[in-house]
Asks: 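Below is one structure. I have some questions about it.
Positions are given from 1, in the same order as the sequence printed here.
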Amino acid sequence: MLYALSTCQWCHKTKVLLEELGVAFDYDYIDLLEGKEQDEAMDTIERWNPSGSFPTLVIDNKRAIVGFREQEIREALAV
């Protein structure tokens, strides 16, 4: 699951990398959510990433990678 902002270049790069790797993933643009939905998404993000920064990539509900860290993402996905 990729938590991102629609205006964030690093979020976009992370999304493109996942697409290029052929990885199935879901994503939410947190800035486009509203009200309770946005609050719940931020609560989830902060459990994985207390600073609440973007992008936050949660892999298999086991691990989070914060920021665009291409090599770390490739290694975590074993691609």
Side-chain angles (χ1 to χ4, degrees):
M1 180 67 184
L2 175 62
Y3 297 98
L5 299 175
S6 64
T7 58
C8 167
Q9 72 173 345
W10 299 112
C11 298
H12 177 73
K13 286 180 177 248
T14 302
K15 186 174 179 243
V16 168
L17 174 62
L18 294 171
E19 290 168 348
E20 288 174 355
L21 295 174
V23 175
F25 69 99
D26 292 316
Y27 67 94
D28 275 331
Y29 287 130
I30 304 307
D31 57 322
L32 301 181
L33 300 176
E34 295 183 5
K36 184 178 178 184
E37 194 174 24
Q38 187 179 63
D39 293 341
E40 289 172 353
M42 283 305 301
D43 288 344
T44 300
I45 292 165
E46 289 171 356
R47 280 197 297 271
W48 291 102
N49 170 14
S51 70
S53 56
F54 298 94
T56 297
L57 176 63
V58 178
I59 301 170
D60 296 329
N61 269 335
K62 296 177 182 171
R63 167 180 187 185
I65 298 174
V66 178
F68 179 70
R69 301 180 184 275
E70 182 174 354
Q71 191 60 36
E72 190 174 341
I73 292 168
R74 287 179 181 275
E75 289 171 5
L77 298 172
V79 178

Asks: Just do the side-chain contact (heavy atoms from CB on, under 4.5 Å) check on Met1 and Asn61 with the steps written out, would you?
Replies: CA-CA 8 Å; Met1 180 67 184; Asn61 269 335; over 6 Å; no
Asks: Count I, L, V, M, F, W, Y as connected when their side-chain heavy atoms are under 4.5 Å apart, and connections chain through other members. Are Leu57 and Val23 then in the same cluster?
Replies: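 Yes, Leu57 and Val23 fall within the same hydrophobic cluster.
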Asks: Let me confirm one number: the CG-CG distance from Leu33 to Asp39, rounded to the nearest 0.5 Å.
Replies: 10.0 Å
Asks: First locate atom NZ of Lys13, then atom SG of Cys8, and finally report the distance between them rounded to the nearest 0.5 Å.
Replies: 10.5 Å
Asks: Answer yes or no: is there a donor N or O on one side and an acceptor on the other, between the side chain of Thr44 and the main chain of Glu40, under 3.5 Å?
Replies: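 The answer is yes, because a donor-acceptor pair under 3.5 Å joins these two groups.
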Asks: Hey, does Met42 have a side-chain heavy atom less than 4.5 Å from the side chain of Tyr3?
Replies: no
Asks: Where the side chain of Asp31 meets the backbone of Leu5, is there a donor-acceptor pair that is under 3.5 Å apart?
Replies: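 Side chain of Asp31 to backbone of Leu5: no pair is present.
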Asks: Following the transitive rule for hydrophobic clusters with a side-chain heavy-atom cut-off under 4.5 Å over Ile, Leu, Val, Met, Phe, Trp and Tyr, establish whether Leu21 and Ile59 coincide in one cluster.
Replies: yes
Asks: Quick one: pull up CG in Leu17 and CH2 in Trp10 and give me the separation to the nearest 0.5 Å.
Replies: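 Rounded to the nearest 0.5 Å, the CG-CH2 separation comes out at 12.0 Å.
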Asks: Taking 4.0 angstrom as the limit, do Glu72 and Arg63 come out as a salt bridge?
Replies: yes
Asks: Please evaluate residues Val58 and Asn49 with respect to the criterion side-chain contact (heavy atoms from CB on, under 4.5 Å), reporting the C-alpha separation (whole Å), side-chain torsions for both, the decisive distance (0.1 Å), and the verdict.
Replies: CA-CA 10 Å; Val58 178; Asn49 170 14; over 6 Å; no
Asks: Quick check for you: to the nearest 0.5 Å, what is the distance between Ile65 atom CD1 and Trp48 atom CH2?
Replies: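 Going from CD1 on Ile65 over to CH2 on Trp48, the span is 11.5 Å.
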Asks: Could you tell me whether the side chain of Gln38 and the main chain of Ile30 form a donor-acceptor pair under 3.5 Å?
Replies: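 The answer is yes, because a donor-acceptor pair under 3.5 Å joins these two groups.
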Asks: Is it the case that atom CG in Asp43 sees more than 12 heavy atoms from other parts of the structure closer than 6.0 Å?
Replies: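 Enclosed: over 12 neighbouring heavy atoms sit under 6.0 Å from CG of Asp43.
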Asks: Are Tyr29 and Lys15 close enough, and set up right, to give a side-chain contact (heavy atoms from CB on, under 4.5 Å), and what steps lead you there?
Replies: CA-CA 11 Å; Tyr29 287 130; Lys15 186 174 179 243; 3.6 Å; yes
Asks: So, Arg69 side chain and Val66 main chain: donor-acceptor pair closer than 3.5 Å or not?
Replies: yes
Asks: Do Ile45 and Phe54 have side chains that get closer than 4.5 Å, going by heavy atoms?
Replies: yes
Asks: Would you indicate whether the side-chain heavy atoms of Leu2 and Cys11 approach each other to under 4.5 Å?
Replies: no
Asks: Give the intermediate values and the outcome of side-chain contact (heavy atoms from CB on, under 4.5 Å) for residues Phe25 and Glu19.
Replies: CA-CA 9 Å; Phe25 69 99; Glu19 290 168 348; 3.9 Å; yes
